[in-house]
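Structure first, then comments.
Chain identifiers are assigned alphabetically (A, B, ...) following the order of the sequence lines, protein sequences preceding nucleic acid strands; residue numbering begins at 1 within each chain. All values below come from the heavy atoms of this structure, side chains included, with hydrogens, waters and symmetry mates left out.
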There are 2 protein chains.
Amino acid sequence: MARLPVYLRALHALQDRGVATVSSEELASAAGVNSAKLRKDLSHLGSYGTRGVGYEVEYLVYQISRELGLTQDWVVAIIGVGNLGRALAGYGGFASRGFRVAGLLDADEQIVGQEISGLTVRHIDRLEDVIGEHGVSIAVIATPAGAAQGVCDRVVAAGVTSVLNFAPVVLTVPEWVDVRKVDLSIELQILAFHEQRKAGGPDGAGGRPSALDSGPPEPVHYVEAAE
Amino acid sequence: MARLPVYLRALHALQDRGVATVSSEELASAAGVNSAKLRKDLSHLGSYGTRGVGYEVEYLVYQISRELGLTQDWVVAIIGVGNLGRALAGYGGFASRGFRVAGLLDADEQIVGQEISGLTVRHIDRLEDVIGEHGVSIAVIATPAGAAQGVCDRVVAAGVTSVLNFAPVVLTVPEWVDVRKVDLSIELQILAFHEQRKAGGPDGAGGRPSALDSGPPEPVHYVEAAE
DNA sequence: AATTGTGAAGATCTTCACAGCC
DNA sequence: GGCTGTGAAGATCTTCACAATT
């Protein structure tokens with residue numbers, strides 16, 4: 001279930017604040033979901049709550065981590081060390097929770113050999129070697145669009161079964177391989193769509209892109225984030 | 001509808017290849033969706049196809065662009081110029097389709113004043129000025145988690161109504177503001193979950209994280225991507 | 001008294017299958 | 001003949017509301 005990581009993050013935040021026990025209502029609001037949904041999601045993992053009391057934070061953290069496979073380490077390779085690949089290589093969230101970056105690869109001779117976040121960038125020719133040597137099971141593709149499918153085919157042939165794709169293409173993979181896609185321009189386009197809606201729709205009378213003086217519908221005060 | 005940007009990208013690829021007309025079947029497969037779904041999605045925009053023929057690529061590109069609000073320019077500010085913010089600032093997908101980055105802001109004095117992708121980084125104190133001067137309607141938050149909600153509150157107070165959040169927190173916003181979230185570690189966790197499934201589930205007998213020798217279920221040849 | 005776990009109802013999304021049109 | 005547009009069926013996801021349990 002795609003919401004478990006969100007719950008896990010909220011639970012970690014509670015843990016940091018020293019909270020030992022939490023109700024579905026509280027946790028749901030921290031995670032930004034409905035409490036019935038949260039209870040149903042959690043009940044799929046087993047009966048880890050206590051009626052009348054709530055959930056024990058630490059126990060639930062462990063159970064969700066186990067369910068997500070975070071109790072073991074996963075080996076990651078990042079292919080494409082441009083701006084984005086560099087940002088990913090330095091991203092703390094990788095290392096922190098069971099994801100170990102074992103290789104950075106690029107086709108550009110200028111970049112190969114550079115040391116980034118403690119790793120030396122290797123040439124894309126060595127892709128299969130790196131995957132084999134380190135037992136990489138997750139590949140992060142941060143190449144230009146044109147190179148992505150070729151790289152994907154190669155990592156799959158080398159044994160990778162999960163791909164996180166940042167290139168703006170729909171990757172074709174065998175059915176036993178999982179692909180997830182992160183596409184910045186799609187996210188922006190979805191926001192633009194909603195912006196336009198607010199400004200009166202596509203054929204509305206002179207929608208203003210930079211909707212500054214429209215202001216909020218009502219001067220409402222709103223609460224701070226739970227974090 | 002969140003799939004329109006995907007269709008649009010597939011259509012642009014067809015356009016580049018000089019294709020003038022496309023059937024729902026072809027376009028659906030390029031976009032990785034079911035053809036009935038594609039037709040239903042498109043029919044929501046109006047009746048832009050011709051029975052027995054298909055859709056005229058150029059006309060459809062225009063209609064979807066219009067629906068998504070890409071026929072006008074949107075002004076974007078990026079807050080937080082770390083590794084990720086830098087990658088975003090240099091990302092071609094921003095400029096190419098109607099998104100103009102008008103400001104880069106950071107709290108770190110070391111970073112303020114640096115020139116990145118043709119823009120000078122300004123101090124976060126000037127956030128409201130930058131938003132006002134340029135008519136920013138979309139804010140991209142690429143700050144550390146702890147700073148994100150505060151920054152969000154400020155951009156909202158300054159008139160921003162769409163937020164693209166890269167910080168690993170659930171942002172709380174007034175109901176008239178749209179938030180989209182991109183979370184790398186959540187994507188990785190979802191992949192880890194599926195990896196584990198393949199390896200035999202959380203309590204399976206010794207699941208191997210680096211599933212190298214498990215190999216594909218069947219030695220099937222698979223087709224290349226459409227683009 | 002409080003809160004979980006869950007049937008049942010409701011909402012939404014997906015797919016089928018075919019009438020209608022070119 | 002071929003393909004779109006869409007009603008109806010099916011699947012899935014969400015929410016309600018309450019019995020079960022501590």
Any donor-acceptor N or O pair under 3.5 Å, side chains E195(B), S162(A): yes
Give the first and the last nucleotide of DNA chain D, reading 5' to 3', that has any atom under 4.0 Å from a heavy atom of chain B. dG2(D) to dA8(D)
I'd like a table of donor-acceptor pairs (distance under 3.5 Å, sequence neighbours excluded) in which one partner is a side-chain atom from residues 178-187 of chain A, with atom names and distances.
| from | atom 1 | to | atom 2 | distance (Å) |
| --- | --- | --- | --- | --- |
| D178(A) | OD2 | K198(B) | NZ | 3.1 |
| R180(A) | NE | E187(B) | OE1 | 2.5 |
| R180(A) | NH2 | E187(B) | OE1 | 3.3 |
| K181(A) | NZ | D183(A) | OD2 | 2.9 |
| D183(A) | OD1 | S185(A) | N | 3.1 |
| D183(A) | OD1 | S185(A) | OG | 3.3 |
| D183(A) | OD1 | I186(A) | N | 3.1 |
| D183(A) | OD1 | R9(B) | NH2 | 3.1 |
| D183(A) | OD2 | R9(B) | NH2 | 2.2 |
| E187(A) | OE1 | R180(B) | NE | 2.5 |
| E187(A) | OE1 | R180(B) | NH2 | 3.3 |

L60(A) atom CG is separated from dT3(C) atom P, nearest whole Å, by 16 Å
Which is it for N83(B) and Y91(A) under the side-chain hydrogen bond (donor to acceptor under 3.5 Å, both in side chains) test, yes or no, and what are the steps along the way? CA-CA 8 Å; N83(B) 274 316; Y91(A) 175 55; over 6 Å; no
Distance, rounded to the nearest Å, where K37(A) contributes NZ and dG5(C) contributes C1': 17 Å
Base versus backbone protein contacts along nucleotides 17-22 of chain C [heavy-atom cut-off under 4.0 Å; B, S, -]: B-BBBB
Please find out if less than 6.0 Å separates the ring center of Y48(A) from that of Y55(A). no
How long is the line joining CD of E26(A) and P of dT3(C), in whole Å? 8 Å
Without decimals, in angstroms, what is the distance between L42(A) CG and dT4(C) P? 9 Å
By nearest heavy atom, map K40(A) and G54(A) onto DNA chain C; which one lands nearer the 5' end? G54(A)
Looking at side-chain heavy atoms only, is the closest gap between V151(A) and R154(A) below 4.5 Å? no
For atom CD of Q15(A), decide whether the heavy atoms of other residues, nucleotides or ligands shown that lie under 6.0 angstrom number more than 12. yes
Test log, rule side-chain hydrogen bond (donor to acceptor under 3.5 Å, both in side chains), inputs T71(B) and R66(B): CA-CA 6 Å; T71(B) 49; R66(B) 201 174 60 103; over 6 Å; no
Inter-residue atom distance K40(B).NZ - R3(B).CZ, 0.5 Å rounding: 11.5 Å
